[in-house]
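All remarks here apply to the structure that follows.
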Amino acid sequence: MIFEKTIQLMKQLISLTLFLSIISMTACKKEEGPGGTASIKGKVFLQEYNSSFTNITTEYYAPDVDVFIIYGNEDNIFDDRTRTSYDGSFQFKNLQKGDYRVFAYSKDSSGAADGNPTELNPDKAIIKSINIASNKSENNIGDIIILD
């Protein structure tokens, strides 16, 4: 009788330990997004064209441009936004390891060279994907080139 109760108690203890282990493994998994120690930085480079998008009239690193970030690959809705500094630079801080997409909007030059007015061409997102592989890392995605 005592032996059977001991075995039953050991089975319950093993089941409880297994259950708690599974819970702790899934609860500790951090997904993409804020709360980490990594960052993503880059610059937005603007190329201004003539009205038919055939010649660049000027180009520079663009200040005061919205830059967006999407955490993970589950949807296409932006999760956070920042603006470029005076030199076109931007940074997203305190990120977890994982996949990210960073983008800025650009004029769409397609069709403009065929005589379509640029006002009728909608903006398009210029997207750069990046994977943050380690904590405390500074990840440079380089330049996002947009047109105007």
Side-chain angles (χ1 to χ4, degrees), residues 9-148:
L9 185 60
M10 287 178 67
K11 284 181 180 178
Q12 290 174 344
L13 186 59
I14 290 171
S15 295
L16 181 61
T17 303
L18 182 61
F19 175 74
L20 291 175
S21 296
I22 291 171
I23 293 294
S24 67
M25 283 189 275
T26 57
C28 291
K29 182 180 186 283
K30 294 188 177 184
E31 296 182 9
E32 293 93 350
T37 56
S39 65
I40 296 173
K41 69 178 189 172
K43 285 188 162 191
V44 173
F45 190 74
L46 177 68
Q47 295 178 326
E48 290 185 359
Y49 280 80
N50 61 356
S51 62
S52 62
F53 279 93
T54 55
N55 294 315
I56 296 175
T57 58
T58 187
E59 51 189 359
Y60 53 92
Y61 284 102
D64 206 31
V65 172
D66 283 328
V67 181
F68 304 89
I69 189 168
I70 299 172
Y71 306 149
N73 296 312
E74 298 301 315
D75 59 41
N76 290 326
I77 300 169
F78 80 91
D79 293 295
D80 202 358
R81 167 183 25 202
T82 191
R83 291 185 76 75
T84 58
S85 186
Y86 68 93
D87 63 350
S89 63
F90 64 88
Q91 186 172 27
F92 293 98
K93 296 180 179 181
N94 304 316
L95 299 173
Q96 302 284 346
K97 293 189 287 187
D99 294 321
Y100 295 88
R101 288 173 286 162
V102 177
F103 67 95
Y105 286 105
S106 172
K107 295 287 185 203
D108 185 359
S109 64
S110 61
D114 297 330
N116 294 328
T118 57
E119 295 81 31
L120 299 178
N121 295 326
D123 290 346
K124 68 177 185 177
I126 306 300
I127 303 169
K128 290 208 167 193
S129 298
I130 187 167
N131 176 273
I132 296 178
S134 62
N135 294 321
K136 298 182 182 178
S137 62
E138 188 173 273
N139 302 271
N140 191 335
I141 62 167
D143 292 349
I144 297 175
I145 300 172
I146 62 172
L147 310 179
D148 191 25

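One is the number of the first residue; the rest follow in order along the sequence.
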Practice problem: Output every pair passing ring-ring contact (aromatic ring centres under 6.0 Å, His included) with a member in residues 77-96, not counting sequence neighbours, ordered by first then second residue. | Solution: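 Matches after skipping sequence neighbours: Phe68-Phe78.
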From [atom1] ([X]) to [atom2] ([Y]), nearest 0.5 Å:
| X | Y | atom1 | atom2 | result |
| --- | --- | --- | --- | --- |
| Ser134 | Asn139 | OG | CG | 7.0 Å |
| Tyr100 | Ile132 | OH | CD1 | 4.5 Å |
| Ile127 | Tyr105 | CD1 | OH | 8.5 Å |
| Thr57 | Tyr49 | OG1 | OH | 9.5 Å |
| Leu95 | Thr37 | CG | OG1 | 9.5 Å |
| Lys107 | Glu48 | NZ | CD | 11.0 Å |

Exercise. Identify which one of Asp66, Val65, Ile126, Asp64 satisfies the side chain to side chain contact (heavy atoms under 4.5 Å, CB included) criterion when paired with Val44.
Key: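 Of all the options given, the one that passes is Val65.
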I'd like to know if the side chain of [X] reaches the main chain of [Y], judged simply by a donor and an acceptor atom lying under 3.5 Å from each other, with no hydrogens or angles considered.
| X | Y | answer |
| --- | --- | --- |
| Arg101 | Ser129 | no |
| Asp87 | Ser89 | yes |
| Asp79 | Tyr71 | yes |
| Asp108 | Lys124 | no |

Self-check item: Gln96 and Glu32 side chains, donor-acceptor separation under 3.5 Å
Solution: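 No, because no side-chain N or O of Glu32 sits under 3.5 Å from a partner of the opposite role on Gln96.
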Identify the two heavy atoms, one from [X] and one from [Y], that lie closest to each other, and give their separation to 0.1 Å.
| X | Y | result |
| --- | --- | --- |
| Ser39 | Lys93 | CB-CA, 4.0 Å |
| Lys128 | Ile141 | NZ-O, 3.0 Å |
| Leu46 | Leu147 | CD1-C, 4.0 Å |

Self-check item: Validation row: Thr84, Val67 side chains within 4.5 angstrom (heavy atoms)
Solution: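 They are in contact (side-chain heavy atoms under 4.5 Å apart), so the answer is yes.
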Quiz item: Under 4.0 Å between a Lys/Arg side-chain N and an Asp/Glu carboxylate O for Asp143 and Lys43?
Solution: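 No salt bridge links Asp143 with Lys43.
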Quiz item: If you draw a 6.0 Å radius around NZ in Lys41, do more than 12 non-hydrogen atoms from other residues or ligands fall strictly inside?
Solution: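 No, because the 6.0 Å sphere around NZ of Lys41 holds 12 heavy atoms or fewer from other groups.
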